[in-house]
Engineer: 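Take this structure, written in structure tokens, and hold onto it; I'll ask about it next.
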Amino acid sequence: GMQKPRVTLYNYNIEMSDPSPTPDVRDSPGRPSRSAGGEEVVFESLEAQNKADGMRIALSTIKQNVQPHLHKNLDGYLKLYQQYLKEAVYKIDWSRCCPPPDGMIVKHTDLPGDNKWHAEAANKLAVLKLNGGLGTSMGCKGPKSAITVRDGMTFLDLAVQQVEDLNEQCDSTVPLVLMNSFNTHSDTDLILRKYEGRPTQIMRFNQSQMPRIYKDISQPVAKDESNREQWYPPGHGDLYRSLANSGLLDQLIAEGKEYLFVSNIDNLGAVVDPNILRYFHDTPECEFIMEVTDKTMADVKGGTLINYDGTLRLLELAQVPKRYVGEFKSITKFRIFNTNNLWIKLSAIKRLMTRNTMHMEIIENSKSLDGQAVIQLEQAVGSAIKNFQNARGINVPRSRFLPVKQCQDLLLVMSDLFQAHAGRLMLNEARVFKTLPLVKLGVEFKKVDTYLSRFETMPKILELDHLTVSGDVYFGRDVVLKGTVIIIAYEGHRIDIPSCALLENKIVTGDFRILEH
């Protein structure tokens, strides 16, 4: 196992004493919540002060063993850690979390513009895809965006196609900006080589690389940068910091760009929407738009927009006190959730970064590394909404939220349910119900390659409502599934669904093999 540093310098047994937690660090006078340019950060307790000092010493030691480009990251981490210590005592006041009032959330159906492009607005747009994630949840090494989604095209290909198509239609120069992480940037560069010489500009920058820390002794795991597992990218909330640090923020502004459309690269519904673009262009006082959509039972974990003392805020499940989790997940009180499709004014990001007034809540993410508990401090890009002026939500149709998180989601997007056009996935006109079928595939379908080996061709699912597959199951070519289909192969048995079979409202169990002869 790894040798843990022995810490004898500090006394960690001092109780945290804070009878009156401050409602919001930014509102508390006389206590700077961050060190801008090195002034002293004042802590409530000796314990917090000790931890902060210990972290500063440890980080300066790591600095001697890493390349200079990581020094800024380590300084950023110290600020993040100091904020984490200061705000650890502050818990959200549930009684002040209310659903947003009318007017703060606009219905997409009420937007003018009947899907016509506004060329002037398009020329002021940049499209940013969050590309920091690995394909681990789908059993893949390398960036998730390199997984083939449909017609031989990856997430990355679809993103490039969308922007190329937009530029052709509007005669515009919208750049595609990728926020990579240290986990994905070199592989992404290789994939993007094939786009060299194409007219659309592809810009890229890296989000920060931060050290994981041991939960019990609050010290970094890493001594140097040799082991990637000891480092982490601190969530997509890092976008603002890294966009500014990389120089790209200034470059985009210098090129006349005013709007940034941000989305997850694995959300295939996140295409540039002409009506939202026009609305953003015609509403100059609004600096931030979050696309939200109605919750279903499948979305109870998604972050929701709330009104907190008159300000729009993003509330994530991780921030909710345990006893209110049920209320948070209910569909009746908080009816919408964040799709993470965001529209942000670049000038507003610049102002907040220059003045150093951007505040985002920190989410503590616990992980295990070599059997030891470690902590990652993360921030969510949408949680910055409260810093922007006249921010609002737009309630968009479900079609703008089509994330591919697991292989079972691939079944939908690879099938005849969708038609692909210029990198956009459109629901097939022939589908009667505009909702998507519910698909649950067993552990045998977890990894991309084994998943693909179980289908000769993707089943036709235009009239499917619900599919459950469990066990060792293989599908022949051109299988048609309708209604509710449940296929369960018992332990040690295998089921082959023959080519061209039609299964409508069927349960198939046991053992079923057809052998070629």
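These numbers were taken from a predicted model, which means no experiment stands behind them. Position 1 is the first residue of the sequence; numbering continues from there.
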Engineer: With a 4.5 Å cut-off on side-chain heavy atoms, are Tyr240 and Leu249 touching?
Structural biologist: no

Engineer: Can you list the steps and then say if Asp299 with Thr296 is a side-chain hydrogen bond (donor to acceptor under 3.5 Å, both in side chains)?
Structural biologist: CA-CA 5 Å; Asp299 312 306; Thr296 68; 2.8 Å; yes

Engineer: State whether the number of non-hydrogen atoms from other residues, nucleotides or ligands found under 6.0 Å of Gln419 atom CD is greater than 12.
Structural biologist: yes

Engineer: Could you tell me which non-hydrogen atom of Trp117 sits nearest to which non-hydrogen atom of Arg278, and how far apart they are?
Structural biologist: O-NH2, 3.8 Å

Engineer: Any heavy-atom pair between the side chains of Glu225 and Gln67 that's under 4.5 Å?
Structural biologist: yes

Engineer: So, Asp309 and Arg96, do they make that salt bridge, N to O below 4.0 Å?
Structural biologist: yes

Engineer: Flag the pair Ile289 / Thr283 as yes when at least one side-chain heavy-atom distance between them is below 4.5 Å, and no otherwise.
Structural biologist: no

Engineer: Please report the closest heavy-atom contact between Met179 and Leu239, naming both atoms and the distance.
Structural biologist: SD-CA, 3.5 Å

Engineer: Kindly give the heavy-atom pair with the smallest separation between Leu59 and Pro220, and that separation in Å.
Structural biologist: CD2-CG, 4.3 Å

Engineer: With a 4.5 Å cut-off on side-chain heavy atoms, are Asp409 and Pro403 touching?
Structural biologist: no

Engineer: Taking Ser145 for the side chain and Phe155 for the main chain, is one N or O donor matched with an acceptor at less than 3.5 Å?
Structural biologist: no

Engineer: Atom CG of Asn341 and atom CE of Met290: how far apart are they, to the nearest 0.5 Å?
Structural biologist: 10.0 Å

Engineer: Go through the steps to decide whether Glu378 and Asn365 satisfy the test side-chain hydrogen bond (donor to acceptor under 3.5 Å, both in side chains), and finish with yes or no.
Structural biologist: CA-CA 7 Å; Glu378 300 177 5; Asn365 194 348; 3.1 Å; yes

Engineer: Take atom CD in Glu285; do more than 12 heavy atoms of anything else shown fall under 6.0 Å from it?
Structural biologist: yes

Engineer: Can a donor-acceptor pair be found between the side chains of Asn131 and Thr188 at a distance below 3.5 Å?
Structural biologist: yes

Engineer: Between the side chains of Thr173 and Lys257, is a donor N or O closer than 3.5 angstrom to an acceptor N or O?
Structural biologist: yes

Engineer: Using modelled atom types and a 3.5 Å cut-off, is there a donor and acceptor pairing between side-chain atoms of Asp224 and backbone atoms of Ser226?
Structural biologist: yes

Engineer: Would you verify whether the NZ or CZ of Arg454 falls within 45 degrees of the ring axis of Phe445 while also being under 6.0 Å from that six-membered ring's centre?
Structural biologist: yes

Engineer: Just by modelled atom types, is the Ile461 backbone N or O under 3.5 Å from a matching donor or acceptor in the Asp416 side chain?
Structural biologist: yes

Engineer: Using a strict cut-off of less than 4.0 Å between a Lys/Arg side-chain nitrogen and an Asp/Glu carboxylate oxygen, indicate whether Lys386 and Glu361 qualify as a salt bridge.
Structural biologist: yes

Engineer: Could you list the residues that satisfy side-chain contact (heavy atoms from CB on, under 4.5 Å) with Arg431, not counting sequence neighbours?
Structural biologist: Leu417, Leu427, Phe433, Pro437, Leu462

Engineer: Given side-chain contact (heavy atoms from CB on, under 4.5 Å), test Leu402 with Phe418 step by step and report yes or no.
Structural biologist: CA-CA 11 Å; Leu402 185 60; Phe418 289 96; 3.7 Å; yes

Engineer: Within 45 degrees of the ring normal and closer than 6.0 Å to the centroid, is that where the cationic atom of Lys63 sits relative to Tyr77?
Structural biologist: no

Engineer: Are any side-chain N or O atoms of Glu287 and backbone N or O atoms of Ala348, one a donor and one an acceptor, separated by less than 3.5 Å?
Structural biologist: no

Engineer: Will you find, in the side chains of Lys129 and Ser263, an N or O donor that is under 3.5 Å from an N or O acceptor?
Structural biologist: yes

Engineer: Check step by step if side-chain hydrogen bond (donor to acceptor under 3.5 Å, both in side chains) holds for Thr154 and Asp157.
Structural biologist: CA-CA 5 Å; Thr154 64; Asp157 293 327; 3.1 Å; yes

Engineer: Any side-chain heavy-atom pair from Pro274 and Leu277 closer than 4.5 angstrom?
Structural biologist: no

Engineer: Of the non-hydrogen atoms in Ala126 and Leu252, which two are nearest, and what is the gap between them?
Structural biologist: CB-CD2, 4.1 Å

Engineer: Return yes if some donor-acceptor pair links the side-chain N/O of Arg424 with the main-chain N/O of Val272 below 3.5 Å, else return no.
Structural biologist: yes

Engineer: What is the distance from atom CG of Asp75 to atom CG of Leu80, rounded to the nearest 0.5 Å?
Structural biologist: 12.5 Å

Engineer: Taking atom NZ as the centre, does Lys301 end up with more than 12 heavy-atom neighbours from other residues, nucleotides or ligands that are less than 6.0 angstrom away?
Structural biologist: no

Engineer: Which pair of non-hydrogen atoms, one from Leu134 and one from Pro143, has the smallest distance, and what is that distance?
Structural biologist: CD2-N, 4.1 Å

Engineer: For the backbone of Ser415 and the side chain of Arg150, can you confirm whether one donor and one acceptor N or O come within less than 3.5 Å of each other?
Structural biologist: yes

Engineer: State, without any angle test, whether Gln169 and Asp165 hold a side-chain donor-acceptor pair at a distance under 3.5 Å.
Structural biologist: yes

Engineer: Test Arg400 against every option in Ile276, Ile394, Thr339, Leu268 by the side-chain contact (heavy atoms from CB on, under 4.5 Å) rule and name the one that passes.
Structural biologist: Ile276

Engineer: Is it the case that the side chain of Arg355 and the backbone of Leu352 share a donor-acceptor pair, with hydrogens and angles ignored and the cut-off at 3.5 Å?
Structural biologist: no

Engineer: Apply side-chain contact (heavy atoms from CB on, under 4.5 Å) to residues Val66 and Trp231 and explain how you reach the verdict.
Structural biologist: CA-CA 12 Å; Val66 298; Trp231 299 80; 4.3 Å; yes

Engineer: When you measure from the side chain of Lys295 to the backbone N and O of Phe334, does any donor-acceptor pair fall under 3.5 Å?
Structural biologist: yes

Engineer: Which residue is it: Thr200, Asn123, Asn167? I am looking for the one with a side chain to side chain donor-acceptor pair (under 3.5 Å) to Ser172.
Structural biologist: Asn167

Engineer: Counting C-beta onward and ignoring hydrogens, is there a side-chain heavy-atom pair between Thr304 and Pro99 closer than 4.5 Å?
Structural biologist: no

Engineer: Please report the closest heavy-atom contact between Val448 and Cys407, naming both atoms and the distance.
Structural biologist: N-SG, 3.6 Å

Engineer: Does any non-hydrogen side-chain atom of Ile349 lie less than 4.5 Å from one of Phe388?
Structural biologist: yes

Engineer: Return yes if some donor-acceptor pair links the side-chain N/O of Asn264 with the main-chain N/O of Asp266 below 3.5 Å, else return no.
Structural biologist: no

Engineer: Under a 4.0 Å N-O cut-off, is there an ion pair linking Asp187 with Lys141?
Structural biologist: no

Engineer: Are Asn340 and Asn267 linked by a side-chain donor-acceptor pair shorter than 3.5 Å?
Structural biologist: no

Engineer: Passes side-chain contact (heavy atoms from CB on, under 4.5 Å), Met138 versus Lys144? Steps please.
Structural biologist: CA-CA 8 Å; Met138 295 169 74; Lys144 184 170 183 181; 3.9 Å; yes

Engineer: If you count heavy atoms of other groups shown closer than 6.0 angstrom to NE2 of His69, is the number above 12?
Structural biologist: yes

Engineer: For atom CG of Asp110, is the number of surrounding heavy atoms from other residues, nucleotides or ligands below 6.0 Å larger than 12?
Structural biologist: yes

Engineer: Is the backbone N or O of Cys286 less than 3.5 Å from a side-chain atom of Lys345, with the two atoms forming a donor-acceptor pair by type?
Structural biologist: yes

Engineer: Is it true that atom NZ of Lys434 has more than 12 heavy atoms of other residues, nucleotides or ligands lying nearer than 6.0 Å?
Structural biologist: yes

Engineer: Does the side-chain contact (heavy atoms from CB on, under 4.5 Å) test come out yes or no for Gln379 and Met358, once each step is laid out?
Structural biologist: CA-CA 12 Å; Gln379 289 170 313; Met358 176 82 84; over 6 Å; no

Engineer: Under 6.0 Å between ring centres, would you say that holds for Phe280 and Phe261?
Structural biologist: no

Engineer: Are Arg398 and Asp294 close enough for a salt bridge, meaning some N to O gap below 4.0 Å?
Structural biologist: no

Engineer: Please determine whether side-chain hydrogen bond (donor to acceptor under 3.5 Å, both in side chains) holds for the pair Arg212 and Gln376, giving the CA-CA distance in whole Å, both sets of side-chain angles, and the decisive distance to 0.1 Å.
Structural biologist: CA-CA 6 Å; Arg212 290 173 148 181; Gln376 298 179 179; 2.7 Å; yes

